[in-house]
Student: 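The structure follows.
Sequence lines set the chain letters: A, B, ... in the order given, protein chains first and strands last, and positions in each chain run from 1.
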2 protein chains.
Amino acid sequence: MNTLSVRSDVVFNPSMSNTDRHGLIAKTVRDSGGATVQELAELTGASEMTIRRDLDTLATQGVLERVRGGARTLLLRGEEPPFALRAQDAVDAKRRIAAEVAALIADGESVLLDSGTTCLEVARILRERHVTVMPLSLQAIRLLGETPGHADLLMPGGRPRAAEGALTGPLALASLAALRFDTAVIGCCGLSAADGLTAYDLDDAAVKKAGIASARRVVLAADGGKLGRTAHAHVGPATLLHTLVTDTTASAEEVDALEAVGSNVKIV
Amino acid sequence: MNTLSVRSDVVFNPSMSNTDRHGLIAKTVRDSGGATVQELAELTGASEMTIRRDLDTLATQGVLERVRGGARTLLLRGEEPPFALRAQDAVDAKRRIAAEVAALIADGESVLLDSGTTCLEVARILRERHVTVMPLSLQAIRLLGETPGHADLLMPGGRPRAAEGALTGPLALASLAALRFDTAVIGCCGLSAADGLTAYDLDDAAVKKAGIASARRVVLAADGGKLGRTAHAHVGPATLLHTLVTDTTASAEEVDALEAVGSNVKIV
DNA sequence: TGATTTCAAACATCATTCGTGTTCGTTAGA
DNA sequence: TCTAACGAACACGAATGATGTTTGAAATCA
């Protein structure tokens, strides 16, 4: 919220790990829209040279934009926050949601796994389970394709969208049309009883729609921040969902409204 | 060949890096079919504990099989050598072949990239080029899917075969049927003028066949050891190939025979 | 069963790598 | 032109990884 209060928490904290510092820098730049190298050096207690290196790293990761003298946020009104940035948000809630989603899936099932950070956490859990998984993002494919784990991997086709690695396009749609799944685990950018399920990207929305159509059961994994929000691309009405898993930050009215239209809501 | 000559090269060489040692262990076990921990410790000058750790590592990588007291080769007559093992062979030749193959490809082309170690080297080069690439193995997808590089990635569907990560099955075939490529870079297990192109695995052969059918031009990347050999699964006649890139270890008679049936052969 | 070998966990040691800060010459903007 | 910002180069300390030794458990063989 307030940059000053953040500062007072951490000034003169010499035992800050580089990961902590990166997080703090990212948060500061995001909250205030931008920061100078000097400010960040003072804020974190690190040298300016270290801050410059941090900013280069974070810029490479797509967390922020490097400008002369400091860094600027990548967030613009109405645009989807970059993947690398969202991945840091609400990690705990996402993990809990993912655990609950995984608990809904029985051994032997075939599972369609949407793109997005929450679904990536689901992949991390399903990797150790005896299930067949088709992931719709490069990140999840990388995770499941590496040696350990018991899950059977099924690859969809498609063109990966930059950064996020979500698979879209005719090849992805064709892969989905050719298969049927026991469960589709879907993520979204917005969900409300009024506007239904929405995504930031048209291609993404088309893939989600096809995924939902190819599954016997649809589980939506969405942290509380997604509820009541509406993004640009419409996927379908909330009645398409069989189960919604969200966390305690979800607005109670929205949950009630969704339950009223027939969704089974689980709050973790 | 001869274990003793190998030993005399390296005994009492204390400045051996762990990678060197791993290579020597792998080679020794492969050449002699197996070795004890004691032998390997004496051979490399490392302690038995270190050898055990090495063997565990190599076993996890699929290079050899751990047995009580030592390790055994995974190579059995008639079986395809494991991917992790082949990947260490003739790295230099594969690199040179890959460079030549990449030189045949112009910017802007769409390229189909087969599975296999040589094609993986091609992927490493194409990553920096302005081309559209559809790789048929998880390894290459991982390589191309990571952030750097200019190449456009197109994902095929399919089921990855264990270890090697080659994509096969109806989804892979459907992805290929839906597209046309400027160039298909194909690997193989055997090639001869008489028996044509062959692979170890039926599913693999079907994918190669579909890939060849979907490309305007077919480039085969095969080190010299593949020429004159025949594997179980038939892909098609050598006349399907437009260009063959191989290395100087290729048998001259086989090269002549292939040129006689119309192939354009490049030796690097 | 008992003896012997093999194994793996735990700890110590050493080399290497990584992160960081400082300095200094260069570069980009005002 | 002048000044702040930058990045390359070096130095230093901490963290990490590789290795060897010891020790007790487990597996194999007689």
Side-chain angles (χ1 to χ4, degrees), chain A residues 7 9-29 32-74 84 88 146-148, chain B residues 7 9-29 32-74 84 88 146-148:
Chain A
R7 290 192 180 190
D9 286 338
V10 294
V11 171
F12 305 132
N13 178 357
S15 65
M16 186 186 302
S17 86
N18 60 353
T19 316
D20 291 347
R21 198 179 56 240
H22 284 187
L24 178 61
I25 291 173
K27 179 167 168 36
T28 305
V29 170
S32 59
T36 68
V37 171
Q38 278 187 0
E39 284 170 11
L40 293 169
E42 193 184 341
L43 170 63
T44 61
S47 74
E48 297 192 3
M49 191 63 230
T50 298
I51 296 296
R52 286 198 188 93
R53 282 187 275 239
D54 288 344
L55 293 181
D56 289 345
T57 303
L58 292 168
T60 306
Q61 292 174 359
V63 175
L64 44 74
E65 184 188 7
R66 189 78 168 81
V67 293
R68 191 175 177 81
R72 225 173 37 187
T73 179
L74 284 165
Q88 306 178 338
E146 273 150 30
T147 36
Chain B
R7 291 194 179 192
D9 286 337
V10 295
V11 171
F12 305 132
N13 178 356
S15 66
M16 187 186 304
S17 86
N18 61 351
T19 316
D20 291 346
R21 198 180 55 242
H22 283 187
L24 179 60
I25 291 173
K27 179 168 168 35
T28 306
V29 170
S32 59
T36 69
V37 171
Q38 277 188 2
E39 283 169 12
L40 292 170
E42 193 184 339
L43 171 63
T44 60
S47 74
E48 297 192 4
M49 192 63 230
T50 298
I51 296 295
R52 287 201 186 91
R53 282 187 275 239
D54 288 343
L55 293 181
D56 289 346
T57 304
L58 293 167
T60 306
Q61 292 173 358
V63 175
L64 45 75
E65 186 188 5
R66 190 78 168 82
V67 293
R68 191 175 175 81
R72 222 171 42 184
T73 179
L74 283 166
Q88 304 179 338
E146 273 152 29
T147 37

Student: Take atom CD1 of A/I51 and atom P of D/dC6, then tell me their distance rounded to the nearest Å.
Tutor: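 Going from A/I51 (CD1) to D/dC6 (P), I get 12 Å.
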Student: Applying salt bridge (Lys or Arg N to Asp or Glu O under 4.0 Å), name anything that partners B/R53, two or more places apart in sequence or on another chain.
Tutor: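 Here no residue qualifies.
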Student: Locate the shortest heavy-atom distance separating B/I25 from B/D54; write the atom from each residue and the value.
Tutor: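 Shortest heavy-atom contact: CD1-OD2, 3.7 Å.
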Student: Report the distance from atom CG of A/D54 to atom P of C/dC18, rounded to the nearest whole Å.
Tutor: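 My rounded result for the distance is 16 Å.
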Student: Measure CZ/A/R66 against P/D/dA5 and give the value in whole Å, please.
Tutor: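 Distance check: A/R66 CZ to D/dA5 P gives 11 Å.
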Student: Would you sort out whether A/V29 and A/L58 count as a side-chain contact (heavy atoms from CB on, under 4.5 Å), showing the intermediate values?
Tutor: CA-CA 11 Å; A/V29 170; A/L58 292 168; over 6 Å; no
Student: Round to a whole Å and report the spacing from CD of A/E48 to P of C/dT22.
Tutor: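 Atom CD in A/E48 sits about 10 Å away from atom P in C/dT22.
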Student: Sequence neighbours excluded, which residues qualify as salt bridge (Lys or Arg N to Asp or Glu O under 4.0 Å) partners of A/R68?
Tutor: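 A/R68 satisfies salt bridge (Lys or Arg N to Asp or Glu O under 4.0 Å) with no other residue.
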Student: Can you sort out the partners of A/S47 under side chain to side chain donor-acceptor pair (under 3.5 Å), two or more places apart, ordered by chain and number?
Tutor: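 Listed in chain order: A/T50.
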Student: To the nearest Å, give me how far apart CG (B/D20) and P (D/dA18) are.
Tutor: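 Result: 14 Å.
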Student: Tell me the interatomic distance from B/R21, atom CZ, to C/dA15, atom C1', rounded to whole angstroms.
Tutor: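 It works out to 14 Å between those atoms.
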Student: Can you list the residues that meet the side chain to side chain contact (heavy atoms under 4.5 Å, CB included) rule with B/E65, with sequence neighbours excluded?
Tutor: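 Partners of B/E65 under the side chain to side chain contact (heavy atoms under 4.5 Å, CB included) test: B/R72, B/L74.
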Student: Could you check B/T28 against B/T44 for side-chain contact (heavy atoms from CB on, under 4.5 Å), going step by step and ending with a plain yes or no?
Tutor: CA-CA 11 Å; B/T28 306; B/T44 60; over 6 Å; no
Student: I want to verify a distance call: between C/dA8, C/dC7, D/dG7, whose nearest atom is closest to the A/D56 side chain?
Tutor: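 Taking heavy atoms from C-beta onward, the closest nucleotide is D/dG7.
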Student: Treat primed atoms plus P, OP1 and OP2 as sugar-phosphate and everything else as base, then score nucleotides 21-30 of chain D 5' to 3': B for base contact with protein heavy atoms under 4.0 Å, S for sugar-phosphate contact only, - for none.
Tutor: B----BBS--
Student: For B/E48, what residues pass the side chain to side chain contact (heavy atoms under 4.5 Å, CB included) criterion, not counting sequence neighbours?
Tutor: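 Applying side chain to side chain contact (heavy atoms under 4.5 Å, CB included) to B/E48 gives B/V37, B/Q38, B/A41, B/R52.
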Student: Let me test you: for the helix from C/dT1-D/dA30 to C/dA30-D/dT1, what is the angle between the axes at its two ends (five pairs each), rounded to 10 degrees?
Tutor: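 Rounded value for the end-axis angle: 40°.
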Student: Quick one: is A/Q38 getting a side-chain N or O under 4.0 Å of the D/dA4 phosphate, OP1 or OP2?
Tutor: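 Negative; the distance criterion is not met.
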Student: Do side-chain atoms of B/R66 reach the backbone of B/G70 as a donor and acceptor pair under 3.5 angstrom?
Tutor: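 Yes; at least one donor-acceptor contact below 3.5 Å.
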Student: Nearest whole Å is fine: how far is C/dC7 P from B/L40 CG?
Tutor: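 After rounding, the reported distance stands at 11 Å.
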Student: Just the rounded figure in Å: distance from C1' of C/dG19 to CG of A/L55.
Tutor: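 Value for this atom pair: 16 Å.
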